Amino acid sequence: MQRPPLFEANCFIYWKNRFETYVKSKDIDLWYIIAHGNYKPTIKDKDGKDVVTPYEKLDENQKKMLSKNDEAKMVLYNALPKKEYERIFMCDTAQNIWDSLITTHQGNKQVKDNKIDLFVQKYEEFTITDDETIDCAFSRFNTIITSLKALDESFSSRNHVRKFLRALPSKWRPKVTAIEESKDLSKLSLDELVGNLKVYEAHSR
């Protein structure tokens with residue numbers, strides 16, 4: 001596995017989203033272990049209760065899955081600088097490491113909820129100024145969307161399209177009306193909308 005995205009404390013939400021996507025793209029089993037805890041093969045004891053399978057009774061596939069517990073920790077270690085590693089090296093599992101990073105740099109549930117409220121407010125109040133380019137406006141809007149998604153809060157793609165159209169200044173009204181009349185907004189992606197607006201913007205100069 002290539003080196004994962006290097007940890008960025010000052011841009012934690014950005015790093016968190018990139019790291020999650022990176023791990024999922026390389027090995028979905030590793031991400032499951034990071035998010036949900038160690039793989040623990042079990043068998044039934046004489047009383048019918050689930051107990052951890054002794055190593056000598058593991059099959060080869062179970063041994064491979066068991067090794068992923070350490071692989072998941074290693075991919076996190078490889079992303080962390082020495083200072084951050086020293087803070088979490090006592091964590092027993094990859095899930096413990098991940099939860100510790102989130103609590104430290106994203107905050108507890110109350111802090112997370114406050115951040116969500118802040119970005120939801122930014123989303124709802126988002127407007128585009130008369131002299132702002134579509135590229136600049138989209139960059140600002142995308143930062144809000146990405147931040148919400150990293151906090152496990154998001155609006156639907158259809159909402160994004162309608163919100164971006166409503167945020168355009170009045171000089172864009174003829175173009176907005178044309179798009180609303182000619183496109184099915186429930187099927188129009190934000191990228192397609194932005195591309196359409198950029199073409200119009202270029203021809204209007």
Side-chain angles (χ1 to χ4, degrees), residues 1-120 142-157 160 189-191:
M1 184 179 282
Q2 296 173 294
R3 190 180 181 94
L6 294 178
F7 181 80
E8 297 181 63
N10 294 330
C11 303
F12 180 75
I13 291 177
Y14 170 72
W15 173 82
K16 175 175 173 274
N17 190 46
R18 291 179 64 232
F19 180 84
E20 178 181 341
T21 302
Y22 168 83
V23 176
K24 286 179 176 178
S25 73
K26 298 298 182 181
D27 190 334
I28 195 66
D29 288 331
L30 291 188
W31 176 250
Y32 187 88
I33 288 169
I34 291 171
H36 300 285
N38 276 0
Y39 169 72
K40 296 178 181 179
T42 61
I43 57 174
K44 300 287 186 183
D45 65 10
K46 60 182 181 180
D47 297 321
K49 296 180 180 179
D50 287 328
V51 295
V52 176
T53 306
Y55 183 82
E56 59 272 13
K57 292 187 178 181
L58 296 174
D59 60 34
E60 288 304 311
N61 185 58
Q62 287 175 318
K63 289 179 181 178
K64 288 180 180 179
M65 285 300 300
L66 197 61
S67 72
K68 287 185 180 293
N69 294 338
D70 286 320
E71 285 183 48
K73 289 173 69 176
M74 183 56 68
V75 73
L76 279 161
Y77 290 159
N78 285 340
L80 300 177
K82 184 174 183 290
K83 181 179 180 181
E84 200 65 34
Y85 170 79
E86 290 173 347
R87 196 183 58 74
I88 55 84
F89 83 100
M90 291 295 290
C91 293
D92 293 331
T93 69
Q95 185 187 31
N96 292 153
I97 296 172
W98 186 247
D99 289 346
S100 177
L101 291 172
I102 291 175
T103 299
T104 300
H105 298 283
Q106 183 174 293
N108 57 25
K109 186 178 186 303
Q110 182 179 358
V111 174
K112 179 182 176 181
D113 288 344
N114 289 339
K115 288 181 179 179
I116 289 173
D117 290 342
L118 175 63
F119 283 111
V120 167
N142 199 49
T143 297
I144 297 171
I145 293 171
T146 303
S147 297
L148 282 169
K149 184 176 180 181
L151 290 164
D152 304 317
E153 183 79 18
S154 62
F155 296 90
S156 70
S157 178
H160 298 336
S189 71
L190 185 58
D191 286 337

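Small disclaimer: the values here were computed from a predicted structure and weren't measured.
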*asked:* Let's go through Val23 and Ile34 carefully: what are the C-alpha distance in whole Å and the side-chain angles of both, what is the deciding distance for side chain to side chain contact (heavy atoms under 4.5 Å, CB included) to 0.1 Å, and is it a yes or a no?
replied: CA-CA 9 Å; Val23 176; Ile34 291 171; 4.3 Å; yes

_Test side chain to side chain contact (heavy atoms under 4.5 Å, CB included) applied to Lys63 and Tyr55, step by step_ = CA-CA 8 Å; Lys63 289 179 181 178; Tyr55 183 82; 3.8 Å; yes

*Pair Glu8-His105, side-chain hydrogen bond (donor to acceptor under 3.5 Å, both in side chains): steps then yes or no*: CA-CA 10 Å; Glu8 297 181 63; His105 298 283; over 6 Å; no

*Mind running side chain to side chain contact (heavy atoms under 4.5 Å, CB included) on Ile97 and Tyr77 for me, showing each step along the way?*
CA-CA 9 Å; Ile97 296 172; Tyr77 290 159; 3.7 Å; yes

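In this structure, Thr53 OG1 and Lys44 NZ are separated by 11.0 Å, a value rounded to the nearest 0.5 Å. Going from atom CD1 of Ile144 over to atom NZ of Lys149 covers 16.0 Å, rounded to the nearest 0.5 Å. One finds the NZ atom of Lys73 at 6.5 Å from the CG atom of Asp92 (value rounded to the nearest 0.5 Å). To the nearest 0.5 Å, atoms CG (Leu76) and OG1 (Thr93) are separated by 9.5 Å. The distance from atom CD of Glu84 to atom OG of Ser100, rounded to the nearest 0.5 Å, is 7.5 Å. Rounded to the nearest 0.5 Å, atoms CD1 (Ile28) and CD1 (Ile33) are 11.0 Å apart.
More than 12 heavy atoms of other shown residues, nucleotides or ligands fall within 6.0 angstrom of atom CG in Asn114. Within 6.0 Å of OH in Tyr85 there are more than 12 heavy atoms belonging to other residues, nucleotides or ligands. Shown here is Lys64, whose NZ atom has no more than 12 heavy atoms of other residues, nucleotides or ligands within 6.0 Å. Around atom CE of Met65, more than 12 heavy atoms belonging to other residues, nucleotides or ligands sit under 6.0 Å away.
Annotation: side chain of Phe19 is not in contact with side chain of Phe12 (no heavy-atom distance under 4.5 Å). Put simply, the side chain of Asp113 reaches to within 4.5 Å of the side chain of Ile116, judged on heavy atoms. Considering only heavy atoms from C-beta on, Leu80 comes within 4.5 Å of Ile88 through its side chain. When side chains are defined from C-beta on, Thr103 does not count as touching Lys112, because their heavy atoms never get closer than 4.5 Å.
Heavy atoms only, all atoms of each residue included: Gln95 and Ala35 are closest at NE2-O, 3.2 Å. Contact record, Tyr22 with Val75: CE2-CG2, 4.2 Å, taken as the closest heavy-atom pair. A pairwise comparison of heavy atoms in Leu30 and Lys68 identifies CD2-O, 3.5 Å as the closest pair. The minimum heavy-atom distance between Asn38 and Ala94, with the atom names listed, is OD1-N, 4.4 Å. The minimum heavy-atom distance linking Thr146 with Ile13 is given by the pair O-CG2, 4.4 Å. Nearest heavy-atom pair, Pro41 versus Gln62, reported as atom, atom and distance to 0.1 Å: CB-NE2, 3.8 Å.
Salt-bridge annotation for Lys82 and Glu86: present, with a side-chain N of the basic residue lying under 4.0 Å from a carboxylate O of the acidic one.
Partners of Tyr32 according to the ring-ring contact (aromatic ring centres under 6.0 Å, His included) rule, which considers only residues two or more places apart in sequence or in another chain, are His36.
By the 30° and 60° cut-offs, the orientation of the rings of Trp15 relative to Phe7 is perpendicular.
Here the side chain of Asn69 pairs a donor or acceptor atom with the backbone of Tyr39 at under 3.5 angstrom. At distances below 3.5 Å, at least one donor-acceptor pair connects side-chain atoms of Arg3 with backbone N or O atoms of Asn78. Checked by atom type and distance alone, the side chain of Thr21 pairs as donor or acceptor with a backbone atom of Asn17 at under 3.5 Å.
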